[in-house]
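See below for the structure under consideration.
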Amino acid sequence: MGGAGFPRPAPPSQNRGTVTQTLDPAPPSPLVGGPRPPGFAVDRAFRVLAVLAGLFVLVVLVSIVFVLFDSAREWISFEGLGSLFSLDWEPVNEKFGAGSLALMTLIVAALALVIAVPISVGIALFVTEIAPRRARLPIVFVIDLLAAIPSVVFGLWMLRQLSQPLADVYADVHGAVAGVPVLGDLLGSPSASGLSIMTAAIVVGIMITPIVTAITREVFATCPLAQKEASLALGATRWEMIRGAIFPHSRSGVVAAVIIGFGRAVGETIAVALVIGASQRLTGNLLAPGDTLASIIANQFGEASGVQRSALIGFGLVLLLLTIIIGIVARSVLRRANRRFGVV
Amino acid sequence: MTSEPAMPPAATAGDTITRVDLTPTQVRPPEVPADPGPVPGREVVFDLSTVEIFYGEARAVTDVDLDIARNEISAFIGPSGCGKTTVLRSLNRMHDLTPGARVAGTITYHGEDLYGPKVDAAEVRRRIGMVFQKPNPFPKSIFDNIAYGPRINGVRKRSELEGIVEQALTRAALWGEVKEKLKSSALSLSGGQAQRLCIARALAVDPDVLLMDEPCSALDPIATARIEDLMEELKETLTIVIVTHNMQQAARVSDRTAFYTAEADDNGRRVGKLVEYDATATIFTKPSDPRTEGYITGRFG
């Protein structure tokens, strides 16, 4: 447009006294109470809708907490606040502690991360830095497809295909490390069925790999070319460039990916329920069966009644709080990293 | 362009201007001693002959023949799209990173074929450092930025690294400003400081050549003057090739100047080519090609 449509200044009037008369502007309409422009109603409707949508989430969250808490009250008053997290889960003896299940939940999730994070970072680096341009999209597509597989399918696949072969592997591993301090205990005598904490961690690890990969891939891809060139111009090899430019740039993003993966792993239910072996006694032996907060709900809720049922609902509440805490920790980690270096 | 003010900029507190003579007379001084021509015994670092650079099928630059001598500052000037940066980046094999980019012709470095089959690009870049248009410090501490190069070269001892860092920062005229805050993030530095940090980072691996791709285009005139002073000092120990959009900068700092331009080829595509390469005084006072004269007197480009 430029200045073309701009009104030219009127030629200076010869008689200044008549100017106001010839222009004679209509009095401006009042700011309040005048006619509304046509977009006004739509804008207002949109605002109401947006606020309602926002409120909806809040209402759902509050009602979840309220309902869970209400149903779990029986368990909380039965156990008393002090022993809610006791390590004993023995419904027959009226012991409903959440402690051992919460700990095993964390163990499974942590172990799943140990499996998933190196694989995810490797895939992400391969896709962003090493794979030929044409191969990148198909690889990404296949990995994203993995995320679309329903949890129960993963569980069944693990149960039918891998738990027995894994049992043999576990036996060998146990034989190899027997007697070694710490390792010998961690990889203790395996369950004959192959159903164990380790098996659950493997399946959860596979399941969280796509999301962790997707986030790390995006973080790696945002590393500015200038950073990579700075590194390479100093004589860095490709790996040195990855370590020197991409990792520092991506540090907090990868931490976020790890924490999001952790959150998913903690809540994973049906696949874990199928392969973990359902033993509620806390064990440090990763090759033995266990149970998690989520999987015990899936496995026992149908037959539970009374305090036990109330306790299982309470576990749901614990799970919810756990994931919220993880989310808060994730945010604070990110904020701290941002403060230090000002990068994502 | 920020580095071509009409008047010398006022000095602000804390800045010392050792030399700001940005007057246009610099471009065409009244009397210039005749170009001494190539000095006998001039040691050639780079020798480019019939160099052509392609991006995929498209030819970006053609017909580049020039040699760059040791302890000289060579400036590449020319209008946008003339291929001067493309040629610069071929000197430390940065094009290896661009899919489809290809260098034809021969480029030798101290007599060795830079693109020879046994030459390792990382090793090339350890000897031929580069400073980029936009300062690009790593999101790390100042110390770790400088120590990055030595570390990938296997220097592990803290005391040794500290020595290298101090020396590199001193050579880049930044030590006094940052010695108290080596542990703070390099991203907290000003634009001019960040660019000197990047120069220091390049110097820390003790390169033989420093390639500078419009190193001052993002800087104010004071920071520009400091970098130019620095180049003058570094020339004693290094060979410098600088790409610049600023002709006056080329006139001020360089010993030799290469003028590139872009011309349409038979298919109508614009291809960069080297027009003239000579002693800077010659290029700016009596260029032999009318295109060079047209550019430096501002008639085109």
Side-chain angles (χ1 to χ4, degrees), chain A residues 121 125-140 216 218-257 333-344, chain B residues 88-89 91-100 120-141 144-154 168 183-188 194 197-207 209-213 218:
Chain A
V121 169
L125 281 179
F126 178 70
V127 171
T128 51
E129 296 300 322
I130 294 166
R133 230 152 257 271
R134 259 173 306 166
R136 291 179 187 184
L137 228 61
I139 297 169
V140 170
T216 44
E218 251 161 63
V219 176
F220 290 163
T222 58
C223 180
L225 185 63
Q227 296 284 318
K228 298 198 250 174
E229 286 189 336
S231 168
L232 291 162
L234 290 166
T237 59
R238 187 145 60 183
W239 168 241
E240 286 163 346
M241 182 273 286
I242 288 168
R243 270 190 50 195
I246 295 185
F247 283 172
H249 167 84
S250 315
R251 200 181 295 128
S252 53
V254 171
V255 169
V333 166
L334 278 178
R335 248 203 314 275
R336 198 167 311 164
N338 283 344
R339 251 206 312 271
R340 177 131 169 71
F341 287 117
V343 290
V344 177
Chain B
L88 187 80
R89 290 168 69 93
L91 298 181
N92 69 340
R93 294 191 52 169
M94 286 305 273
H95 289 306
D96 291 19
L97 315 168
T98 317
D120 176 29
E123 184 56 40
V124 165
R125 296 188 204 112
R126 278 173 207 216
R127 301 187 193 197
I128 306 170
M130 192 162 203
V131 176
F132 297 84
Q133 185 171 357
K134 250 182 78 187
N136 55 356
F138 296 123
K140 303 178 180 205
S141 71
D144 287 339
N145 261 275
I146 311 293
Y148 181 82
R151 278 187 176 133
I152 60 178
N153 279 317
K183 285 203 176 110
S184 47
S185 167
L187 302 183
S188 65
L197 177 87
C198 292
I199 294 174
R201 186 174 64 185
L203 294 176
V205 292
D206 199 16
V209 180
L210 198 57
L211 306 177
M212 307 179 99
D213 184 4

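Within every chain, numbering begins at 1; the chains are lettered A, B, ... in the order of the sequence lines, protein sequences first and strands thereafter. Computed from a predicted model, the values in this text were never measured in an experiment. Side chains are part of it too, since the values below use all heavy atoms of this structure and drop only hydrogens, waters and symmetry mates.
- In this structure, no portion of B:Leu211 lies under 4.5 Å from any heavy atom of chain A.
- Looking at A:Glu229 and B:Arg89, their side chains come closer than 4.5 Å, going by heavy atoms from C-beta outward.
- Across every non-hydrogen atom of B:Arg125 and A:Leu232, the tightest pair is CD-O, 3.1 Å.
- No donor-acceptor distance shorter than 3.5 angstrom exists from the side chain of A:Ser250 to the backbone of A:Gly253, with no hydrogens or angles considered.
- The nearest pair of heavy atoms linking A:Arg243 to A:Pro248 is O-CD, 3.1 Å.
- Ring geometry, A:Phe247 versus A:Trp239: the interplanar angle exceeds 60°, so the pair is classed perpendicular (tilted spans 30 to 60°).
- Contacts between B:Leu97 and chain A at a heavy-atom distance below 4.5 Å involve the side chain alone, from C-beta outward.
- Taking the side chain as every heavy atom from C-beta outward, B:Leu88 and B:Met130 approach each other to under 4.5 Å.
- Residues A:Ala236 and B:Tyr148 come closest through the heavy atom pair CB-OH, 3.8 Å.
- Contact between B:Val205 and B:Pro150 at its shortest, heavy atoms only, is CG1-N, 3.9 Å.
- Contacts between B:Pro137 and chain A at a heavy-atom distance below 4.5 Å involve the backbone alone (N, CA, C, O).
- Between chain A and the residues B:Arg127, B:Lys134, B:Arg201, B:Arg126, the most heavy-atom pairs under 4.5 angstrom are made by B:Arg126.
- Interface remark: B:Phe138 contributes backbone and side-chain atoms alike to the contact with chain A (heavy atom separation under 4.5 Å).
- Within residues 128-138 of chain A, the residues having any heavy atom less than 4.5 Å from a heavy atom of chain B are, in residue-number order, A:Arg133.
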